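The block underneath contains the structure these notes are about, expressed in structure tokens.
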Amino acid sequence: MDYKDLANLIFPDAKEISYYEEKYPERNLPEGAVVTRFAPSPTGFVHIGGLYQALVARTIAQKTGGVFFLRVEDTDQKREVENGVTGIVNSLKDFDMAPDEGMISDTEEIGNYGPYKQSLRRDIYQAYAKYLIEQGKAYPCFCTVEEGEEIRQKQESAKIRPGYYGVWAKCRNLTVEEAIQKIKNGENYIIRFKSPGREDKKIKHKDIIKGNVDFPENDQDIVIIKADGLPTYHFAHAVDDHLMRTTHVIRADEWLSSVPLHLQLFQELGFKAPKYAHISPIMKNDNGGKRKLSKRKDPEAAVSYYKEQGIPYEAVKEYLLNIANSTFENWRRANPDKKMEEFDFQLNKMSVSGALFDMVKLLDIGKTIISKMTAEEVYERSYEWAKEYDLDLEDLLKDKSYALKVFGIERGNKKPRKDISKWSEVKENIEYMYDNKFFEKSQNYSYPEAISNKEDISKILKLYIEKYYDENDDKQTWFDKIKALSVEMGYAGEVKEFKANPDKYKAHVGDVSTVIRIALTGRTNTPDMYEIMKVLGKETVISRLEKAIK
RNA sequence: GGCCCCGUGGUCAAGCGGUUAAGACACCGCCCUUUCACGGCGGAGUCAUGGGUUCGAUUCCCGUCGGGGUCACCA
């Protein structure tokens, strides 16, 4: 009896691997095209770090005319969540990052290299496991989980390197006959890889991001097929990325230390190994220390958070791209109107250490992006957001033509207004432009200290309505009138004049217009008041000012 | 603990043997015919540390310290 008999006993129905090799041929792609993938567990949850990886993978594939696909790693049933795949697909879509190929929902997929869901690839993994067993490169292991723990405890107390290797790998040296007998006796088993490596030897690995990294060889006989018949991550990675013809594996750097194992697996399987790019995680300051953004502790770890907050997806992508290649920022400055896809992204220029997440910077990018949108775009986007997350705002926005006028204030010119960084700020930003919201709030404004005299305030407002305000004035005339009003009331018509002779005046034109601004909007900081008055219209302007006169 | 990676201003970072050590966000001041936002100008602030190598080290080597990762029938 030989390995072949053993292999046949374990996987009697498995196909020859040549079947799969032919079924999934080399991809016919242009020279230099890169094939990448995003391979999450179907938890439905996408971590910002996952999005980061996917963005990098997709960008590099797109840039080279390659393929970016979505594979679902569901070999651990405990992680499975209902509709998890759809959740992930939708998150990717929210960021305009749909894959070229792979899963498109929990049950559907596109592309010729599937199935793209690992639990559906059981036969494939078993074929390759069988192939390894036939060659004596893998073997059945009858050790129970408890035995495994015992071994580890012994190793730990003896301060020996833990794991299933060397003398600790009991089942490694079972003869074929012994193994067959045990199987026939009905003993449970799993399949382990028979590592040819030696811990005292080094292997060289050149990572695209991390550079040259030398490791001891792997000598662990890791599990490749679990008791449930599904593969472990390591084995599935080797088989899938080979068969799906992945050229570049872009993944989190927590995988870096398993590169020796993976290289060995590719080698023993007779596969050409892909190139690896291990990405540093996105971190967060946690009293003194740094740690990865945590799903449990940090809401901003979830990609859904950005959607809920109404942060434009482009801002998130640009921010992430900037962490990936800091030269992006300079490029963006030089090319403010180009699409981010035109940026010449370099995988090997990525930072080797993890960046601290900077929400302030993200929001700044959001502000810039929104400032470049037309009023129409701002309207559509904030309305879409409001429908899902803020019914009150949705209500305000129902009158589209008015909303467009409001969003049009100081927008569309060379120096557009930059005051909205996310859609959740819109309401706060525009609500005073609506009478129902405006009058909801208390009318007890605090006027500037410079003009605390109540009588003066009322006089200013009264005079303005009666003598100066004319809705048909152009901007210059409008402002000249406020100056004239100031002078008439004993205030300086020019700020400079006031600063030169502070004793000559009660205050200056700026203070006078602040009075009007507050009466009109209820706040000290607003966009251009002339435009606001235009949008509000004569009737509203006068009614608000009159209400403010005591 | 073993193995591996990393350490330039508050943050992201360029630079990789000789630089006044870029730039962005944040911060401060001034200017921009009224506020705020924008924009302009200016400012403060950094090469973890100790040894080497070198005419010269932020750049190269070693140690220390600090941070991170990994050591599952989880991915």
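Here is how names work: the chains are called A, B, and so on, in the same order as the sequence lines, proteins then strands, and each is numbered from 1. The model shown is predicted, which means the values in this text are computed figures rather than measured ones.
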hbond_proxy A:Arg79 side chain to B:rC74 base (donor-acceptor, 3.5 Å cutoff): yes
Main-chain N/O of A:Lys361 paired to A:Asp358 side chain as donor or acceptor, under 3.5 Å: yes
Base B:rA24 paired with A:Lys361 side chain (donor-acceptor, <3.5 Å): yes
Distance below 4.0 Å between A:Arg333 side-chain N/O and B:rG23 OP1 or OP2: no
Distance in angstrom units between A:Lys290 NZ and B:rG7 C1', rounded: 8 Å
Polar pair under 3.5 Å, donor/acceptor by atom type, side chain A:Arg523, base B:rC36: no
Flag side-chain contact, heavy atom, 4.5 Å: A:Pro416 against A:Glu410: no
Complementary nucleotide for B:rG1 - Watson-Crick or wobble, under 3.5 Å: B:rC71
Phosphate OP1/OP2 of B:rA72: any A:Arg152 side-chain N/O under 4.0 Å: yes
Between C1' of B:rA72 and CG of A:Leu261, the distance in whole Å: 12 Å
Identity of whatever pairs with B:rC25 - Watson-Crick or G-U, under 3.5 angstrom: B:rG10
Mutual orientation of the aromatic rings belonging to A:His262 and A:Tyr233 [parallel < 30°, tilted 30-60°, perpendicular > 60°]: tilted
